[in-house]
K.L.:
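Input: one structure, supplied below.
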Amino acid sequence: MPTPDDLYEVHPEIDIPAGLHLVAGLTGFSDAGGAVGQLNAYLDDVLDTTVIAEFDVDVLLDYRARRPIISFDQDHLTEYRPPRLTLSLAHDELGSPFLLLTGFEPDFLWDRFVAAVLELVDRFRVSDTTWVHAIPMPVPHTRPIGVTVSGNRFDLIESLSVWRPRTQVPSNVLHLLEYRLYERGDSIAAFVLLVPHYLADTEFPAAAITAIESLSAATGLIFPTDRLREDSRDFLVKIDEQVGTNHELGQLVTTLEERYDAYMADNSPKSPLTDIDGALPTADEIAAELEKFLASRRHGDEDRSTT
């Protein structure tokens, strides 16, 4: 009888501190604005990562639905790049370690795959899990990308979630992981990025930035974003040029702006900076909270170094 641990191989020689954050993003059914694809590629490029577990691609992937890339040079094949689904040890810009689950969304064996991830969560004593994905929405590119937050991190839901529907949607395998973690009472947060529908088929840098900001809000991890922000400025200049020369597109954006502003006037999430009465904290209170946060980061690093 196949078991969940048949799906992956762990590299036991790598020492993994206990109590790390788990960050996840898998490409598959829906990735509006290329948010998750950009996020994974960017983190792989700018962060120090080491693969600690690798999943069996031949078992989980439908090759005919998502064919791997092979390179052809005039008269011969030069490179074959099979897809990968991995769990890595990564470090943020300040050197803080965390776990990163990236790659393709499995086509098969969802229940066994999720059970395998739960085994790894338990094995490495993960403190909390955060994942992101993106869907197209009738919103304008001239406004901040909103998010829907789910899970049991109610502080994040209250302060960041701008759209809270009751609906049924086609699921992602990470939805199932979130559902199982929620059942167990593990700390879990999911961010759905609400990307302008007319940019859903592009690589929209602002979507990747929002994904990174969401991960930082949930974990306290710090990621470099300078290059993405520069790409985003260039991208928006080109989009605005197209809108300015296309009357119908300009009308669409104006209509979406009006609807967005009207909706947000009644549905803006509560600011995490205000108290129950809506009052802002004093400078001394902010400084005290910052000292408390930095102290918790130092103590967390010391605890991990002794485990």
Side-chain angles (χ1 to χ4, degrees), residues 1-11 20-32 34-37 39-41 43-44 51-68 81-88 98-136 147-153 165-193 195 200 211 214-215 218:
M1 181 80 177
T3 59
D5 60 5
D6 292 331
L7 290 181
Y8 63 89
E9 180 179 355
V10 173
H11 302 292
L20 300 185
H21 304 292
L22 172 60
V23 169
L26 302 180
T27 56
F29 173 68
S30 175
D31 186 20
V36 177
L39 171 69
N40 291 350
L43 293 184
D44 182 64
V51 173
I52 60 174
E54 189 148 8
F55 289 86
D56 190 339
V57 176
D58 280 346
V59 173
L60 296 173
L61 180 69
D62 182 352
Y63 283 92
R64 291 185 298 176
R66 289 185 282 184
R67 296 181 181 272
R81 288 177 287 171
R84 301 180 74 193
L85 177 52
T86 60
L87 180 68
S88 300
F98 66 100
L99 298 179
L100 181 62
L101 178 65
T102 58
F104 63 90
E105 179 189 17
D107 293 302
F108 308 115
L109 303 177
W110 276 23
D111 281 313
R112 202 189 309 170
F113 170 74
V114 167
V117 175
L118 293 177
E119 283 187 353
L120 293 168
V121 165
D122 292 337
R123 174 173 181 158
F124 298 123
R125 289 183 282 171
V126 165
S127 65
D128 53 71
T129 301
T130 306
W131 72 283
V132 294
H133 70 125
I135 61 173
V147 296
T148 291
V149 187
S150 60
N152 53 21
R153 295 284 304 277
R166 284 188 173 92
T167 186
Q168 293 180 325
V169 296
S171 63
N172 181 304
V173 73
L174 292 180
H175 282 117
L176 180 56
L177 176 63
E178 175 187 345
Y179 185 76
R180 297 300 184 211
L181 288 167
Y182 191 98
E183 283 184 323
R184 298 190 340 167
D186 290 23
S187 179
I188 172 67
F191 291 86
V192 184
L193 280 57
V195 174
S214 299
L215 295 177

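Since this is a predicted model, take the numbers as computed values, not measurements.
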K.L.:
Could you walk me through whether R180 and D111 pass the salt bridge (Lys or Arg N to Asp or Glu O under 4.0 Å) test, one step at a time?
P.N.:
CA-CA 10 Å; R180 297 300 184 211; D111 281 313; 3.8 Å; yes
K.L.:
Is there side-chain contact between L174 and L26, with heavy atoms separated by less than 4.5 Å?
P.N.:
yes
K.L.:
Would you say the side chain of S30 lies within less than 4.5 Å of the side chain of P136, judging by non-hydrogen atoms?
P.N.:
yes
K.L.:
Testing the basics here: between R112 and T3, what is the closest heavy-atom pair and its distance to 0.1 Å?
P.N.:
CD-O, 3.6 Å
K.L.:
Please say which of V59, V173, L176 ends up in a side-chain contact (heavy atoms from CB on, under 4.5 Å) with F113.
P.N.:
V173
K.L.:
Between CD1 of I135 and OG1 of T148, what distance do you get to the nearest 0.5 Å?
P.N.:
6.5 Å
K.L.:
Once rounded to the nearest 0.5 Å, what's the spacing between atom CZ of F55 and atom CD of E9?
P.N.:
12.0 Å
K.L.:
Yes or no on side chain to side chain contact (heavy atoms under 4.5 Å, CB included) for V121 and R184, after CA distance, side-chain angles and deciding distance?
P.N.:
CA-CA 12 Å; V121 165; R184 298 190 340 167; 3.9 Å; yes
K.L.:
Does any part of the side chain of P83, heavy atoms only, come nearer than 4.5 Å to the side chain of L61, both counted from C-beta?
P.N.:
yes
K.L.:
Flag the pair W131 / V23 as yes when at least one side-chain heavy-atom distance between them is below 4.5 Å, and no otherwise.
P.N.:
no
K.L.:
Closest approach of D31 and G37, non-hydrogen atoms and distance?
P.N.:
OD2-N, 2.9 Å
K.L.:
Determine, step by step, whether L22 and F98 satisfy the side chain to side chain contact (heavy atoms under 4.5 Å, CB included) criterion, reporting the C-alpha distance in whole Å, the side-chain angles of both residues, the deciding distance to 0.1 Å, and the verdict.
P.N.:
CA-CA 6 Å; L22 172 60; F98 66 100; over 6 Å; no
K.L.:
If we count only N and O atoms by modelled type, under 3.5 Å, do the side chains of H21 and D128 hold a donor and an acceptor together?
P.N.:
yes
K.L.:
Restricting to non-hydrogen atoms, name the atom on L85 and the atom on P106 that form the minimum distance, rounded to 0.1 Å.
P.N.:
CD2-CG, 3.8 Å
K.L.:
Minimum heavy-atom separation for Y182 and G151, please, with both atom names.
P.N.:
CE1-O, 3.4 Å
K.L.:
Could you check whether any side-chain N or O of T130 sits under 3.5 Å from a backbone N or O of A24, counting only pairs where one atom can act as donor and the other as acceptor?
P.N.:
no
K.L.:
Run the side chain to side chain contact (heavy atoms under 4.5 Å, CB included) test on L87 and L120 for me, step by step, so that the C-alpha distance in whole Å, both residues' side-chain angles and the decisive distance to 0.1 Å come before the verdict.
P.N.:
CA-CA 9 Å; L87 180 68; L120 293 168; 4.0 Å; yes
K.L.:
Check F124 against V10 and note the closest heavy-atom contact, atom names and distance.
P.N.:
CZ-CG1, 4.5 Å
K.L.:
Please answer whether the main-chain N or O of A218 pairs with a side-chain N or O of R153 as donor and acceptor at a distance below 3.5 Å.
P.N.:
yes
K.L.:
Could you tell me whether a side-chain N or O of S127 sits under 3.5 Å from a main-chain N or O of L20, the two making a donor and an acceptor?
P.N.:
yes
K.L.:
How about L7 and L60: do any of their side-chain heavy atoms sit closer than 4.5 Å?
P.N.:
yes
K.L.:
Within the 3.5 Å criterion, strictly below it, is a donor on E105 or T27 matched to an acceptor on the partner's side chain?
P.N.:
no
K.L.:
Flag the pair Y63 / V57 as yes when at least one side-chain heavy-atom distance between them is below 4.5 Å, and no otherwise.
P.N.:
yes
K.L.:
Counting C-beta onward and ignoring hydrogens, is there a side-chain heavy-atom pair between R66 and D107 closer than 4.5 Å?
P.N.:
yes
K.L.:
Report the residue from V51, L43, L99 that forms a side-chain contact (heavy atoms from CB on, under 4.5 Å) with S88.
P.N.:
V51
K.L.:
Under a 4.5 Å cut-off applied to non-hydrogen side-chain atoms, are L118 and L177 in contact?
P.N.:
yes
K.L.:
Could you pull out the closest heavy-atom pair between A211 and L39, with the gap in Å?
P.N.:
CB-CD2, 4.2 Å
K.L.:
Tell me, with the steps shown, if D5 and R123 meet salt bridge (Lys or Arg N to Asp or Glu O under 4.0 Å).
P.N.:
CA-CA 12 Å; D5 60 5; R123 174 173 181 158; over 6 Å; no
K.L.:
Run the side chain to side chain contact (heavy atoms under 4.5 Å, CB included) check on L215 and V132 step by step: do they pass?
P.N.:
CA-CA 8 Å; L215 295 177; V132 294; 3.9 Å; yes
K.L.:
Check whether more than 12 heavy atoms from other residues, nucleotides or ligands sit under 6.0 Å from atom OH of Y179, and answer yes or no.
P.N.:
no
K.L.:
Counting distance only, does the side-chain N/O of D62 pair as donor-acceptor with the main-chain N or O of F108 below 3.5 Å?
P.N.:
no
K.L.:
Would a line drawn from the ring center of W110 to the ring center of H175 be shorter than 6.0 Å?
P.N.:
no
K.L.:
Which residues pass the side-chain hydrogen bond (donor to acceptor under 3.5 Å, both in side chains) test with E119, not counting sequence neighbours?
P.N.:
Y8
K.L.:
Is it the case that the side chain of N40 and the backbone of G25 share a donor-acceptor pair, with hydrogens and angles ignored and the cut-off at 3.5 Å?
P.N.:
yes
